[in-house]
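Throughout, a chain's letter reflects where its sequence line sits, starting with A, and its residues are numbered from 1.
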Amino acid sequence: MQTNPSLSLSSPDVRHLTATHKIALALVGLSLLIIVNALFGGAEGMEGPMLWTLLASLGGGILLYAYAEYGNKPAGIKNNGVWFFSETARGSAGWVMGVVLTLFYVALYWFPEWLGLRSEGANTGLVALFNPLSYLLSGQAASQWFVYGTFYTLAILAMGGKFIWKYRHNTYQIVRTSSVMFFQLGFAFLIPEFMARLNSTPEIQSLDVSVPYYDFKNMWPLNYYNFDGYRIDAMTNDGLNALTHNLGFIMLAIGIGSVFIISPILTYFFGKRWYCSWVCGCGGLAETAGDPYRHLSDKSVKAWKIERWLIYSVLALAVIMTVAVVFGYLGERTDQGFWITKQVFTGIVAVTLLGLTTLLWTRPRIFGSIELSIKILASVLMVGITGLTVWALVSGSQQVFFMDAYPLRKWYGFFIGATFSGVVGVGFYPLMGSRVWCRFGCPMAAILGLQQRFFSKFRITTNSGQCISCGNCSTYCEMGIDVRAYAQKGQNIVRSSCVGCGICAAVCPRGVLKLENGPDSGESRMDSVLF
Amino acid sequence: MDIEWQTYGNLTNKPGPGEKHIFWEHEDGTKLIRISYQAESGAVLGFNTMGIRYRSEVCIKWIEDGAHIEQVLQQLSLANFDPEFYRLYEQQLVNRYNELEGTALVLKKSRSLKKVFAFLGG
């Protein structure tokens with residue numbers, strides 16, 4: 001092999017793939033071939049062998065590639081050449097990957113018939129290919145969402161394996177990634193499928209009710225649809241059967257409890273990382289499948305400004321949409337002895353939002369650093385939502401914001417739920433980094449971020465003046481935080497966007513950064529030198 | 001370039017006059033802790049770690065205060081700056097010291113930030 005005479009530590013040479021790399025890529029290629037073949041109906045009649053070959057070659061190919069990358073090298077950070085490799089440096093391979101992923105999401109959300117979904121008769125194509133696995137788990141035929149869920153889970157498991165191999169010297173990364181893999185496989189994939197299996201039991205079928213799909217770890221407002229009328233109906237329907245009724249009630253209780261009780265407590269002690277990089281499915285995909293692209297996030301101040309406007313706007317929209325949907329739903333049920341009335345709901349909205357507004361103005365120690373104009377804007381929004389809800393209650397209208405809740409919900413689902421979180425959020429991994437959705441759009445991340453910034457023990461501490469300004473921490477921060485700027489000043493890093501993945505601490509060659517849960521909160525966590 | 005190496009204070013490759021070293025190395029050769037101190041007064045002079053991260057503020061306070069090696073060893077966990085869930089090796093160093101000096105020092109295991117603040121503030 002030709003050697004480069006350059007004295008540069010980061011070799012500009014093109015990376016040469018070993019034979020093992022090539023075999024691994026051939027396996028992945030085989031799985032792509034099966035997918036394309038299935039899309040054109042080529043798997044009909046032999047779904048079983050085709051599907052198992054697809055899953056084995058895709059998962060095995062990724063793990064073999066990981067072995068080729070890290071297997072016979074000593075443990076430690078191996079990010080060599082990421083800026084020179086077409087796939088990870090927005091080269092042609094990266095663009096092709098981005099376009100393919102984007103097209104997959106477009107098909108999934110708006111043109112599932114491309115994937116083989118049929119409104120009448122049995123599904124064909126790629127959807128039908130997944131029937132054997134779907135029958136095995138839930139006893140029902142596959143849908144496009146089952147295909148998606150399987151790919152998603154396989155990506156987190158296989159790429160999670162690769163991630164663990166890459167960071168095997170770091171126990172925090174091993175534990176965290178195992179957690180993400182566990183929650184995806186168990187909570188997001190298997191449990192809902194097993195619950196769907198209950199629906200095919202004769203007891204439940206005879207009752208004309210059904211167990212709703214529910215991912216127990218998925219919280220409002222990330223699953224903005226959780227309190228939609230049809231879901232509340234499904235979760236509270238009396239049916240005639242104690243099992244579904246109780247199960248539904250438990251789901252609703254977990255849904256509400258996780259937002260208002262579990263999440264604030266855990267975020268207070270550990271920061272938002274307990275959810276965003278330990279439990280969440282979107283975060284899980286970003287951390288595992290998105291790891292090769294984490295350095296592509298924009299670190300500029302401009303991006304930070306866009307981030308703040310965008311993510312809190314989405315949060316405001318999610319709140320407005322949910323208030324409208326729930327209010328409209330309850331409005332129709334006043335005569336049915338429903339256990340939450342419109343009046344009670346309006347009270348909850350008023351107490352929550354007016355309480356937050358009061359805190360905003362009366363706790364300068366916590367909120368003193370927020371700009372006056374932002375405080376006014378937030379207050380106007382919160383008081384405005386409360387006022388309109390109260391007005392709707394008083395005037396006897398079903399429409400909180402002078403419009404039907406349904407179109408609001410529909411447009412939110414289209415723009416935020418599908419386009420932003422799916423098409424842009426994952427499709428643009430190879431172009432904008434792995435956490436585009438989490439950073440710019442996720443309303444759940446927005447809430448947890450506010451808690452993390454103002455009511456939490458979590459911070460990343462800096463080991464005084466030892467930073468050598470290499471910039472690894474900022475480069476590999478998937479949330480686009482300029483970590484180095486803080487480390488150079490010996491400042492703690494307290495940022496609402498930080499998901500606590502711990503990669504900045506892992507890639508630091510001087511051991512300057514550490515994720516810690518300490519005694520202080522609020523402004524004292526931000527002091528440049530605490531000691 | 002997979003080595004992380006930290007040094008605080010003064011440490012020579014062999015103990016200087018009137019100086020002693022306490023030293024522990026992991027079997028796999030990737031981790032070590034070395035502390036130098038004055039043989040007579042017991043005041044610590046410097047810290048060396050490889051593959052283990054130590055908090056500079058804590059080490060510097062010990063050196064500046066001339067803290068006694070036995071006090072430092074018992075509180076050594078406060079200096080540890082390794083990420084969460086890491087295996088800790090301070091106990092091994094304390095065991096080694098107890099073996100050599102015939103003492104019965106007990107390591108206080110907590111390395112919480114709260115304890116660190118209390119130590120640095122006091």
Go through Asn463(A) and Gln6(B) one step at a time and tell me if the side chain to side chain contact (heavy atoms under 4.5 Å, CB included) criterion holds. CA-CA 11 Å; Asn463(A) 204 357; Gln6(B) 288 184 335; 3.9 Å; yes
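- If you measure heavy-atom distances from Ser56(B) to chain A, the contacts under 4.5 Å come from both the backbone and the side chain.
- With values rounded to the nearest 0.5 angstrom, Tyr8(B) atom OH is found 3.5 Å from Gln466(A) atom CD.
- At a threshold of 4.5 Å between non-hydrogen side-chain atoms, the residues Leu113(B) and Pro519(A) count as touching.
- In terms of modelled atom types and a separation under 3.5 Å, the side chain of Arg510(A) and the main chain of Trp5(B) share a donor-acceptor contact.
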Steps toward side chain to side chain contact (heavy atoms under 4.5 Å, CB included) verdict (Phe81(B), Glu516(A)): CA-CA 10 Å; Phe81(B) 198 68; Glu516(A) 293 194 87; 4.0 Å; yes
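- Note that CD of Glu57(B) and OG1 of Thr462(A) are 9.0 Å apart. Values are rounded to the nearest 0.5 Å.
- Within 6.0 Å of OH on Tyr67(A) lie no more than 12 heavy atoms contributed by other residues, nucleotides or ligands.
- Counting non-hydrogen atoms of other residues, nucleotides and ligands closer than 6.0 Å to CG of Asn95(B) gives a total above 12.
- Residues Arg55(B) and Thr461(A) share a closest heavy-atom pair of NH1-OG1, 4.3 Å.
- Residues Leu515(A) and Glu84(B) approach most closely at O-OE1, 3.5 Å, considering heavy atoms.
- Using cut-offs of 30° and 60° on the angle between ring planes, the pair Phe85(B) and Tyr172(A) is parallel.
- Within a 6.0 Å sphere centred on CZ of Arg96(B), heavy atoms belonging to other residues, nucleotides or ligands number 12 at most.
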